[in-house]
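A short worksheet on the structure shown next.
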Amino acid sequence: MEEYAREPCPWRIIDDCGGAFAMGSIGGSLFQFIKGFRNAPSGFGRRLQGSLTAIQQRAPIIGGNFAVWGGVFSTIDCSLVYLRKKEDPWNSIISGAATGGILAARNGLPAMAGSAVIGGFLLAIIEGVGILMTRFTAEQFKQQSPIFEDPSVLGPSQAPYGTSTSYQ
């Protein structure tokens with residue numbers, strides 16, 4: 001199980017913040033490159049400059065947003081591991097719902113509830129797919145019991161060509 005190979009909880013929060021920042025920065029750079037290229041004036045040089053400008057302006061913000069999401073999620077997840085004394089998919093689902101709600105708190109209670117439902121639903125799908133993949137791959141490594149066949153139902157044995165099966 002990959003959950004047990006992770007860092008211990010206080011360090012996991014920092015690790016997840018950094019990973020989320022890197023993922024948001026890289027993904028945001030790719031997205032902003034395409035967006036800047038499309039929205040720039042015609043000409044390859046201008047489009048390339050528009051892409052680079054868009055990356056410089058927006059990619060760090062997107063990375064920071066991802067880092068905040070990862071930090072809040074990991075903090076809640078570690079708190080649930082401490083309180084519940086076990087690490088299971090319910091911690092992630094609850095953490096996703098709580099993170100969605102907390103980060104949407106500035107927009108009011110209806111937005112909080114909607115974001116919490118979406119966060120919990122997305123994490124439930126992610127955890128469900130992870131469980132299904134684990135079970136699917138575990139089937140490949142399940143030991144097969146040997147099948148013993150009755151030799152009498154196989155028929156007479158076939159001897160290689162040129163050899164006799166009669167014993168004299």
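For S92, the side-chain hydrogen bond (donor to acceptor under 3.5 Å, both in side chains) test picks out E127, with sequence neighbours left out. The side chain to side chain contact (heavy atoms under 4.5 Å, CB included) test applied to I61 returns R58, N65, not counting sequence neighbours.
Of the inter-residue distances, the one linking S29 atom OG with L52 atom CG reads 10.0 Å to the nearest 0.5 angstrom. Between T53 atom OG1 and N39 atom CG the span is 12.0 Å, to the nearest 0.5 Å. A distance of 5.5 Å separates CZ in F33 from CG in L48, rounded to the nearest 0.5 Å. Atom CD of Q56 is separated from atom OG of S51 by 11.0 Å, given to the nearest 0.5 angstrom. Atom CG of L83 is separated from atom SG of C78 by 11.0 Å, given to the nearest 0.5 angstrom. To the nearest 0.5 Å, atom CD1 of residue I13 and atom OG1 of residue T75 are 4.0 Å apart.
Considering only heavy atoms from C-beta on, F73 comes within 4.5 Å of L123 through its side chain. Looking at I118 and F121, their side chains never come closer than 4.5 Å, going by heavy atoms from C-beta outward.
No donor-acceptor pair closer than 3.5 Å links the side chain of R46 to the backbone N or O of P41.
In this structure, G28 and A59 approach most closely via the heavy-atom pair C-CB, 4.3 Å. A pairwise comparison of heavy atoms in R47 and R38 identifies NH1-O, 3.5 Å as the closest pair. Closest of all the heavy-atom pairs between G36 and A54 is CA-CB, 3.9 Å. Closest approach of A20 to G70, counting heavy atoms only: CB-CA, 4.2 Å.
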Using residues 99-108 as the side-chain source, report each donor-acceptor pair under 3.5 Å to any protein atom, sequence neighbours left out, with the distance given to one decimal.
unit_1	atom_1	unit_2	atom_2	d
T99	OG1	S95	O	2.7

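In the hydrophobic clustering (ILVMFWY side chains linked at under 4.5 Å, chained through shared members), V117 stands by itself. Grouped with F66 in one hydrophobic cluster are M23, I62, the linkage being side-chain heavy-atom contacts under 4.5 Å among Ile, Leu, Val, Met, Phe, Trp and Tyr residues.
Under the 6.0 Å distance and 45° angle rule, K35 does not count as a cation-pi partner of F37.
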Item to check | Criterion side chain to side chain contact (heavy atoms under 4.5 Å, CB included) on K86 and V81, from CA distance to verdict | outcome: CA-CA 5 Å; K86 59 181 168 179; V81 168; over 6 Å; no

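L122 and L132 are not part of a single hydrophobic cluster, where members link through side-chain heavy atoms under 4.5 Å apart. Cluster membership check: W69 shares its hydrophobic cluster with I76, using side-chain heavy-atom separations under 4.5 Å among Ile, Leu, Val, Met, Phe, Trp and Tyr.
Under the side-chain hydrogen bond (donor to acceptor under 3.5 Å, both in side chains) criterion, the residue pairs touching residues 16-26 are R6-D16, D16-S74, with sequence neighbours excluded.
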